[in-house]
Amino acid sequence: MKTRFALVDCNNFYASCERVFDPRLIGRPLAILSNNDGCVIARSEEVKRLGVPMGAPAHEHKATFEKNAVVVMSSNYALYGDMSARVMETLRPCVPTMEVYSIDEAFLALEDWQGVEFARELRARVRQWTGIPVSIGIGPTKTLAKMANRLAKKTLELGGVLDLETVRDMDELLSRVPCEDIWGIGKRLAVRLAAGGIRTACDLKHGEAAWVRKTLGVVGERIRLELQGVSCLTLEEVPAPKKGIASAKSFGRPVESLRELEEALATYAARAAEKLRAGRLLARQVHVFVATNPFSARQPQYSAGAQTALVRPSNHTPDLIAAALELLREIYRPGHQYKKTGIFVTDLIAESDLQPDLFDAAPEAAGRVRELDQIVDGLNRKLGRNAIRYGSMGVKSRWAMRQERRSRKFTTRWDELPVAKA
DNA sequence: TCTGGGGTCCTAGGACCC
DNA sequence: TCTGGGGTCCTAGGACCC
C-alpha cells in the first residue's frame with residue numbers, strides 16, 4: 001500500500017471567518033491586519049487582485065484601500081482559533097490519521113480509495129458545517145501535497161481539488177513552479193539555488209544530490225527527494241511537546257519609561273504563565289528582551305536581552321513576573337524610544353515530572369498557590385482576559401496595541417453572540 | 001504618524017571530557 | 001622539547017513556516 005497525503009487548507013482563512021458572521025462582507029474586498037493594525041496578514045481574493053502583498057505594512061496601501069472601498073479589520077484570534085477547531089473536528093472522523101499543521105491547514109493520511117471524489121465531498125462538508133471554503137491537494141509526499149494544494153487554489157477550473165495522480169506529465173507541471181514556491185524554500189535559499197542554475201521545482205528534482213546537499217544541507221536534500229515522490233516527512237499525529245512559549249508585542253506608541261515597560265512585560269509574563277498552566281507545563285528558564293523601532297532610522301537603536309534560571313521550575317504568575325522584571329531592570333537604558341518587549345520561557349517540563357525538592361514549601365502552601373492560579377484563570381476565562389490581574393500589570397495601559405476594528409467574539413463569549421433578527 | 005507574533009529545525013563553533 | 005582526536009553538549013545565528 002502506498003502512502004498518500006492530502007493537504008486541506010482554508011481559503012483566505014481569517015477573511016473567510018469574518019464573512020461567516022457578516023455576510024455583507026461577501027464579495028467585498030476585505031483585508032485583515034496583524035496585531036497593532038500593522039501589516040496585512042490575510043486578504044480576500046479581491047484584495048489579492050488589487051496587488052496588496054501578504055505582510056505589507058497597512059499604511060503603505062491606505063490609498064488603495066480608500067479608493068477601492070476595502071473593508072479593513074483588526075485580527076480576532078479568539079474567533080479564528082475557535083473556527084479552526086470546528087474545521088479540524090469536521091475533518092478528523094473522515095480519515096484514519098491527521099496532523100493539524102497550522103491554524104488553517106491539516107495534513108491527512110489517505111486510504112487507497114480516497115481520491116478526487118472523496119476530496120470533493122470533504123470540501124462540501126466543511127463548507128456546509130462551518131461556512132469555511134477549503135482547497136485540497138493530494139500527492140505522494142507532504143511537499144507534493146502542499147504544491148498540489150497551491151495549484152488547486154490558483155487554478156479555478158479545478159474546483160478546489162487536485163490529485164497529482166491525475167497529472168500526466170509531472171515534470172512539465174513542476175517546471176512551472178518556481179523554487180521559492182516550494183514548501184521549505186524561502187527567498188534566501190531560492191537565491192542560492194539560482195546561483196547554481198536551479199530555478200524551478202523540476203530543476204531541483206533533477207538536481208545533483210551532492211551539490212544540493214552542500215548548498216542547502218539536509219533540508220534541501222529532503223525536499224529534493226520529496227519532489228521525486230520519496231516521502232521523507234511523516235505525518236505528526238501527536239503534536240511534539242512545546243520547547244518554548246513566547247509572549248511579546250509591539251506597543252501602540254513608543255514607550256520611554258521603565259514603569260510602562262514593566263507594566264507591559266508583567267502583562268506578557270502573566271500571559272506566558274497562563275499558557276504554561278493551560279499546557280500543564282513548568283518553565284525553568286526565563287528570557288526577556290527590549291527593542292526600539294528598527295524602522296525608525298533617525299532614532300538611536302537599542303536592543304538587548306537577558307535570561308535567568310528560576311530557582312524552581314514554575315508556572316506561577318508572580319514567579320514569572322518577578323524574574324522578568326528583574327531582567328528588565330538589568331537591560332533597561334533610559335533615553336530610548338522602546339517599541340517592543342517580550343518574554344520567552346524555555347526548558348519546559350510537564351507538571352507531573354517535577355521532582356519534589358527538599359526545600360519546597362509545605363505541600364498545603366503549594367496547593368493554595370495552585371488554587372489561586374486556577375481561580376484567576378477561571379475568572380479571566382469567564383470575564384475576559386486580564387479581568388483579574390496583578391498590580392504590576394498596570395491599569396491604564398497607554399502602551400497597549402492598537403486594535404481599532406475588531407469583530408466580536410461571536411463563538412466564544414455569550415455576551416458577544418451574533419443576534420439573528422427574523 | 002503608521003511595519004505582527006509565535007514557533008520549528010539545522011549548522012557551526014566553542015567548551016569540555018577522556 | 002614534544003602537545004591528539006573523537007564524542008557530546010551547549011549556544012548563537014540563520015533560515016524557514018503560518
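Just so it is clear, the structure is predicted and the values come from calculations on it, not from any experiment. In what follows, chains carry the letters A, B, and so on, assigned in the order in which the sequence lines appear, proteins first and then strands, with residues in each chain numbered from 1.
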Between B/dC9 atom C1' and A/Ile185 atom CD1, what is the distance in whole Å?
14 Å

Is it the case that atom CD in A/Gln128 sees more than 12 heavy atoms from other parts of the structure closer than 6.0 Å?
no

With heavy atoms under 4.0 Å as the rule, sort A/Asp37 into base, sugar-phosphate or nothing.
nothing

At under 4.0 Å between heavy atoms, what does A/Ser247 touch on the DNA or RNA strands: base, sugar-phosphate, or nothing?
sugar-phosphate

Any side-chain heavy-atom pair from A/Leu79 and A/Glu18 closer than 4.5 angstrom?
yes

Would you say C/dC16 has OP1 or OP2 under 4.0 Å from some side-chain N or O of A/Lys146?
no

Distance in angstrom units between A/Leu233 CG and C/dC17 P, rounded
13 Å

B/dG4 phosphate, OP1 or OP2: any side-chain N/O from A/Lys339 under 4.0 angstrom?
no

4.5 Å side-chain heavy-atom contact, A/Leu320 and A/Leu310
yes

Rounded to whole angstroms, how far apart are NZ on A/Lys340 and C1' on B/dG6?
10 Å

For A/Tyr101, which contact category applies under a 4.0 Å heavy-atom criterion: base, sugar-phosphate, or nothing?
sugar-phosphate

When rounded to the nearest Å, what value does the distance between P atoms of B/dT3 and C/dC18 take?
24 Å

Throw together a table of side-chain donor-acceptor distances under 3.5 angstrom for residues 55-71 of chain A, partners on residues two or more places apart or in other chains.
| from | atom 1 | to | atom 2 | distance (Å) |
| --- | --- | --- | --- | --- |
| A/Asn68 | ND2 | A/Thr64 | O | 2.8 |

Rounded to the nearest 0.5 Å, what's the gap from CZ on A/Arg408 to CZ on A/Arg406? Could you check?
10.5 Å

Regarding the side chain of A/Ile245, the nearest nucleotide among B/dT3, B/dG7, C/dC16 is B/dG7

Looking at the side chain of A/Phe295, which of B/dG4, B/dT8, C/dA15 is the nearest nucleotide?
B/dG4

Which one, C/dC17, B/dC10, B/dG4, comes nearest to the side chain of A/Trp183?
C/dC17

Starting at CZ of A/Phe344 and ending at P of C/dA12, how long is that distance when rounded to a whole Å?
12 Å

Choose from B/dC2, B/dC9, B/dG7 the nucleotide whose nearest atom is closest to any side-chain atom of A/Arg402.
B/dC2

Sugar-phosphate only, base, or nothing, as touched by A/Leu33 at under 4.0 Å among non-hydrogen atoms:
nothing

Please name the nucleotide paired to B/dC18 by Watson-Crick or G-U wobble geometry with both distances under 3.5 Å, or report none.
C/dG5

Residue whose closest nucleotide on DNA chain B lies nearer the 5' end, A/Asn36 versus A/Ser296
A/Ser296

Can you check whether A/Arg222 has a side-chain N or O nearer than 4.0 Å to OP1 or OP2 of B/dC9?
no

By nearest nucleotide on DNA chain B, pick out whichever of A/Met401 and A/Arg298 is the more 5' one.
A/Arg298

Heavy atoms only, 4.0 Å cut-off, all strands: where does A/Leu216 land among base, sugar-phosphate and nothing?
nothing

In plain terms, say whether A/Glu99 and A/Arg92 are close enough for a salt bridge, that is, a side-chain N and a carboxylate O under 4.0 Å apart.
no

Quick check on B/dG4: is either OP1 or OP2 less than 4.0 Å from any side-chain nitrogen or oxygen of A/Ser75?
no

From B/dG6, C/dA15, B/dG7, nucleotide with atom closest to A/Lys249 side chain:
B/dG6

For A/Gly244, report the nucleic acid contact type (base, sugar-phosphate, nothing); a contact means any heavy atom under 4.0 Å.
sugar-phosphate

Over all strands shown, is A/Arg271 touching base, sugar-phosphate only, or nothing at heavy-atom distances under 4.0 angstrom?
nothing

Partner lookup for B/dG13, please. Criteria are Watson-Crick or G-U wobble with both distances under 3.5 angstrom; report none if nothing qualifies.
C/dC10

Which of B/dT11, C/dC16, C/dC18 is nearest the side chain of A/Arg188? It is C/dC16

For the side chain of A/Leu189, starting at C-beta, report the closest nucleotide among C/dC16, B/dG5, B/dG6.
C/dC16

Atom pair distance, as rounded to whole Å: CD1 in A/Ile32 and P in B/dT3:
19 Å

Gap between atoms CD and P, on A/Glu274 and B/dG6 respectively (whole Å)
13 Å

Winner on side-chain proximity to A/Ser102, out of B/dT11, C/dC18, B/dG6, is C/dC18

Where the side chain of A/Ser34 is defined as all heavy atoms beyond and including C-beta, which of B/dT3, B/dG4, C/dA15 is the nearest nucleotide?
B/dG4

Taking only N and O in the side chain of A/Arg253, is any of them less than 4.0 Å away from OP1 or OP2 of B/dC2?
no

Within the structure shown, what part of the strands sits under 4.0 Å from A/Asn35 by heavy-atom distance: base, sugar-phosphate, or nothing?
sugar-phosphate

Just verifying a value: how many Å separate A/Asn36 CG and A/Arg253 CZ, rounded to the nearest 0.5 Å?
12.0 Å

Send over the distance from A/Glu99 CD to C/dC17 P, rounded to a whole Å.
16 Å

Separation of atom NZ in A/Lys187 from atom C1' in C/dA15, rounded to whole Å:
13 Å

Is there a side-chain contact between A/Thr143 and A/Leu233, using heavy atoms and a 4.5 Å cut-off?
yes

Considering only heavy side-chain atoms of A/Lys243, the closest of B/dG4, B/dG6, B/dT8 is B/dT8

